[in-house]
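First the structure, in the form of structure tokens, and then the observations on it.
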Amino acid sequence: MSSSPPLHQRRRSPTPHELDGIPWLRLLQPAERERAVVDLQVVEVETGELICTMGRAVTYWMGLTEGLLKMSADNAQGLTMTFTGVPPGGWFGEGTVLKRETYRYNIQALRKSVVAGLPVDTFHWLLDHSIGFNRFVMNQLNERLGQFIAAREIDRLNNPEVRVARSLAALFNPVLYPGVGLVLRITQQELAYLVGLSRQRVNEALAALEAEGVIQVEYGGLRVLDLTALRNRVFEPDRALTKTRIDKVHKSQVSGGESAVARQ
């Protein structure tokens, strides 16, 4: 990664397929869309590479076309606090772009990813000219507020099942991440990075949530069966009963071939 050219030297124009995955483009009028498409850039980033760093001036409003990102910050003691993950279809940093300030967080790729960027000046031009774009940004800000209020709650939770459930619910937000749908492509290790628990503990929590019938672990990802339960239910099941259910889920995974989420 150290030998790779800087991000700005690797920029390119988006492909038609990548443009199709940008949710706000379809809300623009033809002239607005034409300007946005001309100015949009994408860059392919490697696992572990930083896209945004704390203290740097904002230059783009960014979104994820492919891959998985982590939003975090480091404190004075060198400890890292993870705020949220960003799955495909998610756009982030609109508050920073609106105020034209420096980043207060880092954005890092958890796997190889394709990141799109709209220049700050074009972002503000669309705000001045497009009602559809304004509504999209307003909905983003509203959902983002709710997301970070929920993140504060997650940080104070001692129940691993609830912690994992709430973190998954945030990744399945249909407004912030319309590209996810009902299936999220994520490994157990990636989820552990986002939740702040060990990989083993996350795997146990996933098995418990699957036993409760709110998710289904599939090859390479997770399917949500009950998003409302992930957001609101307090998972305090009887431990003896839960262990029996988890054992059944694990046996089923082994007999059918463990999923990538459980295996990685």
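Along the sequence shown, the residues carry numbers beginning at 1.
Annotation: Ile131, atom CD1; neighbour count of heavy atoms from other residues, nucleotides and ligands within 6.0 Å does not exceed 12. Heavy atoms of other residues, nucleotides or ligands lying less than 6.0 angstrom from CD of Glu34 number 12 at most. Within a 6.0 Å radius of CZ in Arg100, other residues, nucleotides and ligands contribute more than 12 heavy atoms. Around OH of Tyr193, the count of heavy atoms belonging to other residues, nucleotides or ligands within 6.0 Å does not exceed 12. Residue Gln200 places its CD atom among 12 or fewer non-hydrogen atoms of other residues, nucleotides or ligands, all under 6.0 Å distant.
Side-chain contact between Glu66 and Glu18 is absent, with no heavy atoms from C-beta onward closer than 4.5 Å. The closest side-chain heavy-atom distance from Val43 to Val114 is not below 4.5 Å. Side-chain contact check for Leu7 versus Val45: some heavy-atom pair is nearer than 4.5 Å. Taking the side chain as every heavy atom from C-beta outward, Ile215 and Leu206 approach each other to under 4.5 Å. Here the side chains of Thr47 and Leu110 are not in contact, with every heavy-atom distance at 4.5 Å or above. Taking 4.5 Å as the limit, some side-chain heavy atom of Leu40 sits within range of a side-chain heavy atom of Leu25. Side-chain atoms of Thr96 and Tyr105, non-hydrogen and from C-beta on, do get closer than 4.5 Å to each other. Residues Phe123 and Val137 meet the side-chain proximity criterion, which asks for heavy atoms closer than 4.5 Å.
Checking side-chain atoms of Arg233 against main-chain N and O of Thr228 turns up no donor-acceptor pair under 3.5 Å. In this structure a side-chain-to-backbone donor-acceptor pair under 3.5 Å is present from Glu210 to Val217. The backbone N or O of Arg163 lies less than 3.5 Å from a partner atom in the side chain of Ser167, making a donor-acceptor pair. Between the side chain of His129 and the backbone N or O of His124 there is no donor-acceptor pair closer than 3.5 Å. Looking only at distances, a side-chain donor or acceptor of Asn106 sits under 3.5 Å from a matching main-chain atom of Met54.
Between Ala192 and Val202, the shortest heavy-atom contact is CA-CG2, 3.8 Å. Closest of all the heavy-atom pairs between Ser113 and Leu68 is OG-N, 3.2 Å. For the pair Asn134 and Leu126, the tightest heavy-atom approach, listed with the atom from each and the gap, is ND2-O, 3.9 Å. For the residue pair Gly55 and Thr102, the shortest heavy atom distance occurs at O-CG2, 3.5 Å. Shortest non-hydrogen contact noted between Met62 and Ile51 is SD-CG2, 3.3 Å. Residues Gln140 and Trp91 come closest through the heavy atom pair NE2-O, 3.0 Å.
Ionic pairing of Arg201 and Glu161 is present here: one or more N-O contacts between side-chain nitrogen and carboxylate oxygen are shorter than 4.0 angstrom. Between Arg231 and Asp226 there is no salt bridge, since no side-chain N of the basic residue sits under 4.0 Å from a carboxylate O of the acidic one. Looking at Glu49 and Arg10, a side-chain N of the basic residue comes within less than 4.0 Å of a carboxylate O on the acidic one, giving a salt bridge. Salt-bridge check for Glu44 with Arg12: passed, with a basic side-chain N closer than 4.0 Å to an acidic carboxylate O. In this structure, Glu190 pairs ionically with Arg111, as a charged nitrogen and a carboxylate oxygen lie closer than 4.0 Å.
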For this session: Start with the C-alpha distance between Leu168 and Leu222, add both sets of side-chain angles, then the distance that settles side chain to side chain contact (heavy atoms under 4.5 Å, CB included), and finish with yes or no.
Result: CA-CA 9 Å; Leu168 282 175; Leu222 299 166; 3.5 Å; yes

Problem set entry | Arg144 and Glu94: CA distance, side-chain angles, deciding distance, salt bridge (charged side-chain N to carboxylate O under 4.0 Å, His left out) verdict | CA-CA 10 Å; Arg144 191 80 66 199; Glu94 51 278 343; 3.1 Å; yes

Exercise. Could you walk me through whether Glu143 and Asn173 pass the side chain to side chain contact (heavy atoms under 4.5 Å, CB included) check?
Worked result: CA-CA 9 Å; Glu143 290 293 326; Asn173 185 305; 3.0 Å; yes

Problem set entry | Step-by-step side chain to side chain contact (heavy atoms under 4.5 Å, CB included) determination, Thr15 to Asp20 | CA-CA 9 Å; Thr15 65; Asp20 287 342; over 6 Å; no

Problem set entry | Val180 and Leu171: CA distance, side-chain angles, deciding distance, side chain to side chain contact (heavy atoms under 4.5 Å, CB included) verdict | CA-CA 8 Å; Val180 174; Leu171 294 173; over 6 Å; no

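Connection of Val86 to Leu141 is established within a shared hydrophobic cluster, with ILVMFWY side chains joined at heavy-atom distances below 4.5 Å, either directly or through further cluster members. Under the 4.5 Å side-chain heavy-atom criterion for ILVMFWY residues, a single connected hydrophobic cluster contains both Phe92 and Tyr177. In the hydrophobic clustering of this structure, Val42 does not group with Tyr60; members are Ile, Leu, Val, Met, Phe, Trp, Tyr whose side-chain heavy atoms approach within less than 4.5 Å, directly or through other members. Following chains of ILVMFWY side-chain contacts shorter than 4.5 Å, one cannot reach Leu64 starting from Val175, and the two form parts of different hydrophobic clusters. Residues Leu225 and Val162 do not share a hydrophobic cluster, clusters being chains of Ile/Leu/Val/Met/Phe/Trp/Tyr side chains in contact below 4.5 Å.
Note that the CG atom of Leu182 and the CD atom of Glu218 stand 10.0 Å from one another [nearest 0.5 Å]. The CZ atom of Arg56 sits 9.0 Å away from atom OH of Tyr103, with the distance rounded to the nearest 0.5 Å. Atom CG in Asn139 sits 15.5 Å away from atom CH2 in Trp24 (nearest 0.5 Å). Taken from CG in Leu191 to CG in Leu197, the straight-line distance is 8.5 Å, to the nearest 0.5 Å. Atom NZ of residue Lys70 and atom CG of residue Leu50 lie 9.0 Å apart, to the nearest 0.5 angstrom. A distance of 8.5 Å separates CG in Leu69 from SG in Cys52, rounded to the nearest 0.5 Å.
Ring-centre distance between Phe133 and Trp61: below the 6.0 Å cut-off.
Side-chain contact check for Glu32 and Ser130: at least one donor-acceptor pair (N or O, by modelled atom type) lies under 3.5 Å.
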